[in-house]
*Asks:* 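Sharing a structure with you now.
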Amino acid sequence: MANVFQRVDAALGTSLATVYTVPSATKAIIIGFRITNIDGSASVNVEAKIGASGSTKYFVAPNTPLPAGSSLGCIEGGEKVVLEAAEIIELKASATGDAEAQLSILEIS
């Protein structure tokens, strides 16, 4: 089995967009997941979902308010989330250019 660490950086737009897809024949463990409001003065609402492409997705952060200059740890306190092959992570914000996300992922194939 090969273990590969990945870092995913994403700028959030106003439509749900896939920022990560687990490769085929691979499992992925999310070991870090932070969304940051990079706007200096305005609050933004963010949304994060995980699940199978074309299927039901599950909220990690449902329409969560994020004050200006703050960040949200979506996976904290030693928690981990395991994803199966072809599952995805989708993100969006209420304003384009106001939020960014950083994920740390361990892929096992």
Side-chain angles (χ1 to χ4, degrees):
M1 291 186 120
N3 294 336
V4 177
F5 287 97
Q6 297 288 344
R7 189 183 84 220
V8 176
D9 299 309
L12 280 61
T14 56
S15 297
L16 273 175
T18 300
V19 298
Y20 176 75
T21 302
V22 181
S24 62
T26 302
K27 291 186 188 248
I29 301 171
I30 303 171
I31 55 178
F33 188 169
R34 181 160 300 279
I35 302 174
T36 303
N37 181 339
I38 60 171
D39 188 291
S41 60
S43 180
V44 66
N45 287 1
V46 296
E47 188 172 297
K49 289 183 166 185
I50 294 176
S53 180
S55 182
T56 301
K57 316 276 182 324
Y58 298 94
F59 283 107
V60 174
N63 199 31
T64 304
L66 200 54
S70 68
S71 65
L72 169 69
C74 298
I75 307 291
E76 290 188 314
E79 298 173 351
K80 308 289 182 275
V81 175
V82 177
L83 301 174
E84 300 292 331
E87 288 190 314
I88 63 174
I89 299 171
E90 294 179 324
L91 303 173
K92 79 171 187 175
S94 58
T96 298
D98 281 2
E100 295 177 340
Q102 300 81 35
L103 293 97
S104 296
I105 300 168
L106 173 60
E107 293 179 344
I108 303 168
S109 58

*Asks:* Side-chain contact test, heavy atoms from C-beta onward, threshold under 4.5 Å: evaluate it for F33 versus I89 and give yes or no.
*Replies:* yes
*Asks:* Spell out, as yes or no, whether a donor-acceptor pair under 3.5 Å connects the side chain of N37 to the backbone of P67.
*Replies:* yes
*Asks:* Is there a side-chain contact between C74 and I35 in this structure, where contact means two heavy atoms from C-beta onward sitting under 4.5 Å apart?
*Replies:* yes
*Asks:* Does Y20 reach the side chain of L103, with side-chain heavy atoms less than 4.5 Å apart?
*Replies:* no
*Asks:* Side-chain contact, heavy-atom cut-off 4.5 Å: V81 with I75?
*Replies:* yes
*Asks:* Not counting sequence neighbours, list each pair that qualifies as a salt bridge (charged side-chain N to carboxylate O under 4.0 Å, His left out) and has a residue in residues 65-81.
*Replies:* R34-E76
*Asks:* Mind listing the closest non-hydrogen atom pair of A99 and V46 along with its distance?
*Replies:* CB-CG1, 4.1 Å
*Asks:* Can you confirm whether I50 sits close enough to I30 that some side-chain heavy atom of one is under 4.5 Å from a side-chain heavy atom of the other?
*Replies:* yes
*Asks:* Not counting sequence neighbours, list each pair that qualifies as a salt bridge (charged side-chain N to carboxylate O under 4.0 Å, His left out) and has a residue in residues 46-67.
*Replies:* none
*Asks:* Which pairs, with at least one residue in residues 1-15 and sequence neighbours excluded, count as a salt bridge (charged side-chain N to carboxylate O under 4.0 Å, His left out)?
*Replies:* R7-D9
*Asks:* Could you see if L16 belongs to whatever hydrophobic cluster contains I88? Use Ile, Leu, Val, Met, Phe, Trp, Tyr and a side-chain cutoff under 4.5 Å.
*Replies:* no
*Asks:* Rounded to the nearest 0.5 Å, what's the gap from CG on N45 to CG on N63? Could you check?
*Replies:* 4.5 Å
*Asks:* With sequence neighbours excluded, tell me which residues meet salt bridge (charged side-chain N to carboxylate O under 4.0 Å, His left out) with E84.
*Replies:* K27
*Asks:* Give, for atom CG of L91 and atom CG of L12, the distance between the pair rounded to the nearest 0.5 Å.
*Replies:* 5.0 Å
*Asks:* Using side chain to side chain donor-acceptor pair (under 3.5 Å) as the criterion, list what pairs up with N3, not counting sequence neighbours.
*Replies:* none
*Asks:* Looking only at heavy atoms, which two atoms of A86 and T21 are closest? And how far apart?
*Replies:* O-CG2, 4.1 Å
*Asks:* According to side chain to side chain donor-acceptor pair (under 3.5 Å), who are the partners of S15, at least two apart in sequence or on a separate chain?
*Replies:* none
